[in-house]
Visitor: 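Starting off with a structure, shown below.
Chain letters run A, B, ... following the sequence lines, proteins first, then strands; residues in each count from 1. As the structure is a computational prediction, the values presented were derived from the model and not from experiment.
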Amino acid sequence: MPELPEVETIARTLRPALVGETILTADLRWARSLASPSARKFKEQIQGQNILAVSRRAKFLNLQLSTLREPQGRPFNLFVHLRMSGDLYIKKADAVPEKHDRLRLTLSNDKLLVFNDTRKFGRVWLTDDPESVIGRLGPEPFSDEFTPQWLYDNLRRHHRQLKPLLLDQTFLAGLGNIYTDESLHRARLHPLAASDAVKLKQAERLHEAIRAVLAEGIRRNGASIDWVYRGGEFQNFFRVYDREGKPCPVCRTKIQRLVVGQRGTHVCPKCQKM
DNA sequence: ATAAACGCCTGACGGC
DNA sequence: TGCCGTCAGGCGTTTA
């Protein structure tokens with residue numbers, strides 16, 4: 001389901017409802033949704049944790065926690081990765097569990113934080129070592145580190161197809177299938193182009209495109225596709241993604257669908273030459 | 001180092 | 001109606 005803009009939207013929505021709350025109990029309804037630690041340790045360690053902050057890194061949601069129990073130890077972090085079909089929302093404490101609820105955390109004030117995930121690909125981590133979860137990620141697209149020159153230098157450091165490299169979270173954090181297709185179209189670059197053949201001018205265009213497309217996604221509260229609808233509207237503004245056979249908004253040529261790195265890929269054959 | 005194939009899961013959709 | 005293949009916002013492992 002979610003890429004950077006969708007996760008950012010969820011973080012912004014949950015933040016005011018969660019910060020200041022205390023986690024009372026955990027109801028783990030699908031064991032494999034928990035990446036680490038063991039279910040026993042998780043239930044023991046999560047209990048009584050105060051939520052200090054709600055943030056996002058790449059496609060991970062991060063709840064920064066604190067407890068009075070181990071003031072000398074490192075604070076815990078709860079990470080959630082929604083993968084393809086995960087969602088995270090607040091309910092009332094007495095809400096009946098839904099079919100695909102995988103983890104339910106009861107909070108103070110009769111609230112419940114629910115991790116619902118139809119396809120069971122999503123994962124949750126509770127750890128006092130954040131680097132073990134998010135340590136290998138590339139830069140955030142909106143960070144100062146991510147500059148046109150950085151993108152140019154690092155594209156040329158690899159000999160990869162452009163799209164799979166952009167999807168690689170250790171290269172750049174946060175892009176997924178939708179925003180990669182949209183960014184490449186906006187930059188007029190072909191997804192199969194070799195990363196080390198990209199010129200400086202093209203890297204500059206791609207840098208601008210990535211930021212512009214992600215910013216629009218965030219501004220429209222993300223995209224809601226398939227059966228998952230969370231209120232985002234970016235799906236109504238796709239230029240190429242899921243628009244096979246429809247006209248390119250720039251030149252009216254029919255959008256083509258191809259497969260790149262086992263992912264459905266959408267290009268305008270006229271705007272995006274190899 | 002790169003890339004393809006496959007696994008993990010459930011559900012929607014189109015064709016017959 | 002049902003059955004079947006295909007596809008889906010992700011990513012880790014295995015294999016070439």
Visitor: How about Val7(A) and Phe60(A): do any of their side-chain heavy atoms sit closer than 4.5 Å?
Guide: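 They are not in contact (no side-chain heavy atoms under 4.5 Å apart), so the answer is no.
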Visitor: Indicate for each nucleotide in nucleotides 2-8 of chain B, in 5' to 3' sequence, whether protein heavy atoms under 4.0 Å reach the base (B), only the sugar-phosphate (S), or nothing (-).
Guide: SSSB--B
Visitor: When the P atoms of dA5(B) and dT6(C) are compared, how many Å lie between them, rounded to an integer?
Guide: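 Nearest-Å result for dT6(C) against dA5(B) at atom P: 15 Å.
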Visitor: Determine which bases of DNA chain B form Watson-Crick or G-U wobble pairs with both distances under 3.5 Å, and write the result as a 5' to 3' dot-bracket string with | for other-strand partners.
Guide: .|||||||.|||||||
Visitor: So does His100(A) get a side-chain nitrogen or oxygen closer than 4.0 Å to the phosphate oxygens (OP1/OP2) of dC9(B)?
Guide: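 No, because none of the side-chain N or O atoms of His100(A) sits under 4.0 Å from OP1 or OP2 of dC9(B).
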Visitor: Expressed as a whole number of angstroms, how long is the span from Asn177(A):CG to dC7(C):P?
Guide: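 About 13 Å, once rounded to whole Å.
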Visitor: To the nearest Å, how far apart are Ile225(A) CD1 and dC13(B) P?
Guide: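 Nearest whole value for this atom pair: 13 Å.
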Visitor: Walk me through whether Glu216(A) and Arg239(A) qualify under salt bridge (charged side-chain N to carboxylate O under 4.0 Å, His left out).
Guide: CA-CA 12 Å; Glu216(A) 185 182 0; Arg239(A) 295 182 180 202; 5.4 Å; no
Visitor: Strictly by side chain to side chain donor-acceptor pair (under 3.5 Å), give each pair with a member in residues 142-151 of chain A just once, sequence neighbours left out.
Guide: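 Qualifying pairs: Gln149(A)-Asp153(A).
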Visitor: Between dC3(C) and dC8(B), how many Å separate the two P atoms, rounded to a whole number?
Guide: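 24 Å, rounded to whole Å.
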Visitor: Would you please test Val124(A) and Leu28(A) for side chain to side chain contact (heavy atoms under 4.5 Å, CB included) and show each step?
Guide: CA-CA 11 Å; Val124(A) 174; Leu28(A) 180 62; over 6 Å; no
Visitor: Please determine whether side chain to side chain contact (heavy atoms under 4.5 Å, CB included) holds for the pair Tyr179(A) and Leu4(A), giving the CA-CA distance in whole Å, both sets of side-chain angles, and the decisive distance to 0.1 Å.
Guide: CA-CA 9 Å; Tyr179(A) 293 91; Leu4(A) 186 156; over 6 Å; no
Visitor: Can you figure out which of dC9(B), dC11(C), dC7(C) approaches the side chain of Lys59(A) most closely?
Guide: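 So the nucleotide nearest the side chain must be dC11(C).
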Visitor: Say we look at dC9(B) and dG2(C): how far apart would their P atoms be, to the nearest angstrom?
Guide: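 It comes out at 27 Å once rounded to the nearest Å.
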Visitor: Need one value for Gly264(A): base, sugar-phosphate or nothing, where a base atom within 4.0 Å counts as base even if backbone is also close, heavy atoms only.
Guide: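 The answer is sugar-phosphate, as Gly264(A) gets under 4.0 Å only of primed atoms, P, OP1 or OP2.
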Visitor: Which part of the nucleic acid, if any, lies within reach of Tyr179(A) when heavy atoms closer than 4.0 Å are counted: base, sugar-phosphate only, or nothing?
Guide: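 No contact at all - Tyr179(A) keeps every heavy atom at 4.0 Å or more from the nucleic acid.
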Visitor: Using the P atoms only, state how far dC6(B) lies from dG5(C), rounded to an integer number of Å.
Guide: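 The same atom, P, in both gives a distance of 16 Å.
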Visitor: In chain order, what residues pass the side chain to side chain donor-acceptor pair (under 3.5 Å) check against His185(A), with sequence neighbours excluded?
Guide: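 By the side chain to side chain donor-acceptor pair (under 3.5 Å) rule, His185(A) matches no residue at all.
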Visitor: Just do the salt bridge (charged side-chain N to carboxylate O under 4.0 Å, His left out) check on Glu208(A) and Arg186(A) with the steps written out, would you?
Guide: CA-CA 9 Å; Glu208(A) 187 279 336; Arg186(A) 185 178 173 106; 3.0 Å; yes
Visitor: Within this structure, what is the CG-to-P distance between Leu82(A) and dC9(B), rounded to whole angstrom?
Guide: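 After rounding, the reported distance stands at 17 Å.
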Visitor: State whether His81(A) places a side-chain N or O below 4.0 Å from either non-bridging phosphate oxygen (OP1 or OP2) of dC11(C).
Guide: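 Yes, His81(A) has a side-chain N/O under 4.0 Å of OP1/OP2 on dC11(C).
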Visitor: Check which hydrophobic residues are tied to Tyr89(A) through side-chain heavy-atom contacts below 4.5 Å, counting indirect links as well, and list them.
Guide: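 The other cluster members (ILVMFWY side chains, heavy atoms under 4.5 Å, direct or chained) are Leu112(A), Val114(A).
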Visitor: Starting from P on dG11(B), measure out to CD on Glu98(A) and report it in whole angstrom.
Guide: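 Atom CD in Glu98(A) sits about 13 Å away from atom P in dG11(B).
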Visitor: Only counting residues at least two apart or in another chain, list the ones meeting ring pair (Phe, Tyr, Trp, His ring centres under 6.0 Å) with Phe115(A).
Guide: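 Per chain and number, Phe115(A) pairs via ring pair (Phe, Tyr, Trp, His ring centres under 6.0 Å) with no residue.
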Visitor: Just how far, in rounded Å, is P of dC11(C) from CZ of Arg136(A)?
Guide: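 After rounding, the gap between these two atoms is 13 Å.
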Visitor: Provide, to the nearest angstrom, the distance between the CD1 atom belonging to Ile134(A) and the P atom belonging to dC11(C).
Guide: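 That distance rounds to 14 Å.
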Visitor: Under a 4.0 Å threshold between the charged nitrogen and the carboxylate oxygen, would Glu140(A) count as salt-bridged to Arg57(A)?
Guide: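 Counted as a salt bridge, because a side-chain N and a carboxylate O are separated by less than 4.0 Å.
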Visitor: Please work out if Lys99(A) contacts a base, only the sugar-phosphate, or nothing of the nucleic acid, heavy-atom cut-off 4.0 Å.
Guide: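 Counting heavy atoms under 4.0 Å across all strands, the contact made by Lys99(A) is with sugar-phosphate only.
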Visitor: Rounded to the Å, how far apart are Phe171(A) CZ and dA1(B) C1'?
Guide: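 Checked: the CZ to C1' distance equals 15 Å.
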